[in-house]
Amino acid sequence: EKYKDGLSKTRNSFTSKVNDLVARYRKVDEDFFEELEDLLLQADVGFETVMELMDQLRFEVQRQNVKDTSQIQSVISEKLVEIYESGDDSSNDLQYATEGPTVFLFVGVNGVGKTTTIGKLAHRLKQEGKTVMLAAGDTFRAGAIDQLQVWGDRVGVEVIKQAEGSDPAAVMYDAIRAAKSRQVDVLICDTAGRLQNKVNLMNELTKVHRVISREIPEAPHEVLLALDATTGQNALIQAQSFQKATNVTGIVLTKLDGTAKGGIVLAIRNKLKIPVKFVGLGEKMDDLQPFDTEKYVYGLFA
Ligand code: GDP
């Protein structure tokens with residue numbers, strides 16, 4: 001279904017290469033390991049994750065006395081899932097307020113698909129029967145407010161906004177007040193994503209975060225970082241700068257449909273220890289899927 005369609009680029013290239021490797025080698029030996037390592041690196045699984053995986057594979061192959069390459073695919077899948085989920089039990093599910101509005105704060109660099117993701121998530125939550133409101137916190141980029149309004153109209157949710165250039169913290173303040181008084185279930189906040197002035201951006205995010213927590217102490221309930229899967233290892237570098245500015249609680253990996261290097265999902269989780277909560281698989285309203293590790297990894301070796 002949808003899950004498969006969005007990953008077809010990664011799967012087509014990766015799976016056929018792995019199958020080809022398995023067919024060519026038959027025996028698990030050092031040359032086989034080296035070629036497998038190259039394949040994983042090409043799929044953007046990331047150097048450190050690949051090294052960790054290779055160590056574990058060598059160990060497992062010895063322990064289970066795996067000789068035949070046809071047996072190794074399931075071992076690779078198991079180890080990938082293990083690596084992905086190692087080190088923390090943080091959930092891929094969204095966290096909600098026990099009482100009053102839940103606040104999701106979206107951060108990310110311009111162009112990664114943040115606005116589109118907010119629209120898709122609003123649609124998804126509405127379909128689950130929740131009431132949703134959006135806050136147009138990117139007051140910096142020309143057109144950002146209008147673009148969010150377009151999504152608000154499309155999905156049928158209210159957008160709280162001020163004029164371009166106004167203080168994003170003031171927009172958040174208004175939005176939280178509105179969400180409380182209208183008893184909205186979920187408020188999704190957009191933020192600026194300009195990278196030209198990183199220090200200002202990070203200060204702005206800190207301030208926005210502070211205003212939100214002042215109004216609702218446990219909020220934001222999620223700080224979701226949108227990352228573009230097609231930017232590969234660059235996405236990891238972006239994530240690290242956002243982690244310094246805010247307490248990122250989840251990743252939304254966008255445009256996974258547009259890359260054959262879907263291994264970046266594993267690199268992100270393994271390196272950053274932040275769960276990938278959703279993946280973006282297209283430009284339309286329902287092209288957002290909760291991320292399911294096992295489905296994804298086993299899909300790669302199907
Ligand atoms: P923002 O600047 O981060 O808010 O990015 P936008 O939401 O404006 O998205 C930038 C472009 O990426 C737009 O053309 C979107 O339609 C496109 N886009 C966003 N998410 C996805 C996705 O999951 N898949 C694909 N193929 N395109 C996407």
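In listed order, ligands and their atoms are each counted from 1.
A side-chain donor-acceptor contact under 3.5 Å links Asp185 to the backbone of Thr131. Listed for the Asn270 side chain is no donor-acceptor partner under 3.5 Å among the backbone atoms of Leu266. Put simply, the side chain of Lys120 gets close to the backbone of Gly282: a donor and an acceptor are under 3.5 Å apart.
Surrounding CD of Glu30 are more than 12 heavy atoms belonging to other residues, nucleotides or ligands, all under 6.0 Å away. Shown here is Glu48, whose CD atom has no more than 12 heavy atoms of other residues, nucleotides or ligands within 6.0 Å. In Glu128, the CD atom is crowded: over 12 heavy atoms of neighbouring residues, nucleotides or ligands sit closer than 6.0 Å. Remark: Arg26 CZ is loosely packed, at most 12 non-hydrogen atoms of other residues, nucleotides or ligands lying under 6.0 Å away.
Residue Leu256 does not touch ligand 1, judged by heavy-atom distances below 4.0 Å. By the criterion of a heavy-atom distance under 4.0 Å, neither the backbone nor the side chain of Gln289 is placed next to ligand 1.
Among the atoms of Asp287, none of the N or O lies under 3.5 angstrom from an N or O of ligand 1. Inclusion of Gln147 in the set of residues having an N or O under 3.5 Å from an N or O of ligand 1 is warranted. For a threshold of 3.5 Å applied to N or O pairs, the pair formed by Thr115 and ligand 1 contains at least one separation below that value. Residue contacts with ligand 1: Asn110 is placed with no nitrogen or oxygen under 3.5 Å of a nitrogen or oxygen of the ligand (distance criterion only).
Of all protein heavy atoms, the one closest to atom 23 (O) of ligand 1 is Lys255 N, 3.0 Å. Atom 16 (O) of ligand 1 has its closest protein heavy atom at Glu283 OE2, 2.5 Å. With hydrogens left out, the protein atom closest to atom 26 (N) of ligand 1 is Asp257 OD2, 2.8 Å, a heavy atom. Given atom 7 (O) of ligand 1, the protein heavy atom at minimum distance is Thr116 OG1, 2.5 Å. For atom 5 (O) of ligand 1, the closest heavy atom belonging to the protein is Gly113 N, 3.0 Å.
Salt-bridge annotation for Glu52 and Lys271: absent, with no side-chain N of the basic residue lying under 4.0 Å from a carboxylate O of the acidic one.
Taking a cut-off of under 4.0 Å to the non-hydrogen atoms of Lys114, the atoms of ligand 1 that pass are 1 (P), 3 (O), 4 (O), 5 (O), 7 (O). Of all atoms in ligand 1, numbered sequentially from 1 with element shown, those under 4.0 Å from a heavy atom of Val109 are 3 (O). If you number the atoms of ligand 1 from 1 as listed, the ones under 4.0 Å from a heavy atom of Gly280 come out as 23 (O). Ligand 1 places these atoms under 4.0 Å from at least one heavy atom of Leu281: 23 (O). Remark: ligand 1 atoms within the under-4.0 Å shell around heavy atoms of Lys120 are 20 (N), 22 (C), 23 (O). In summary, the atoms of ligand 1 found under 4.0 Å from a heavy atom of Arg141, numbered by their order in the structure, are 2 (O), 4 (O).
Distances shorter than 4.0 angstrom do not occur between any heavy atom of Asp138 and any atom of ligand 1. Under a 4.0 Å heavy-atom criterion, Gly282 is in contact with ligand 1. Heavy atoms of Gly111 come nearer than 4.0 angstrom to ligand 1 in at least one pair.
Between Pro168 and the choices Leu205, Asp138, Val208, the side-chain contact (heavy atoms from CB on, under 4.5 Å) rule is met once, by Val208. None of Ile188, Leu94, Val186 except one satisfies the side-chain contact (heavy atoms from CB on, under 4.5 Å) rule with Glu222; the exception is Leu94.
Cation-pi contact between Lys130 and Tyr96: present, with separation from the ring centre below 6.0 Å and deviation from the ring axis of at most 45°.
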Can you list the steps and then say if Asn19 with Gln73 is a side-chain hydrogen bond (donor to acceptor under 3.5 Å, both in side chains)? CA-CA 9 Å; Asn19 288 341; Gln73 266 153 303; 2.9 Å; yes

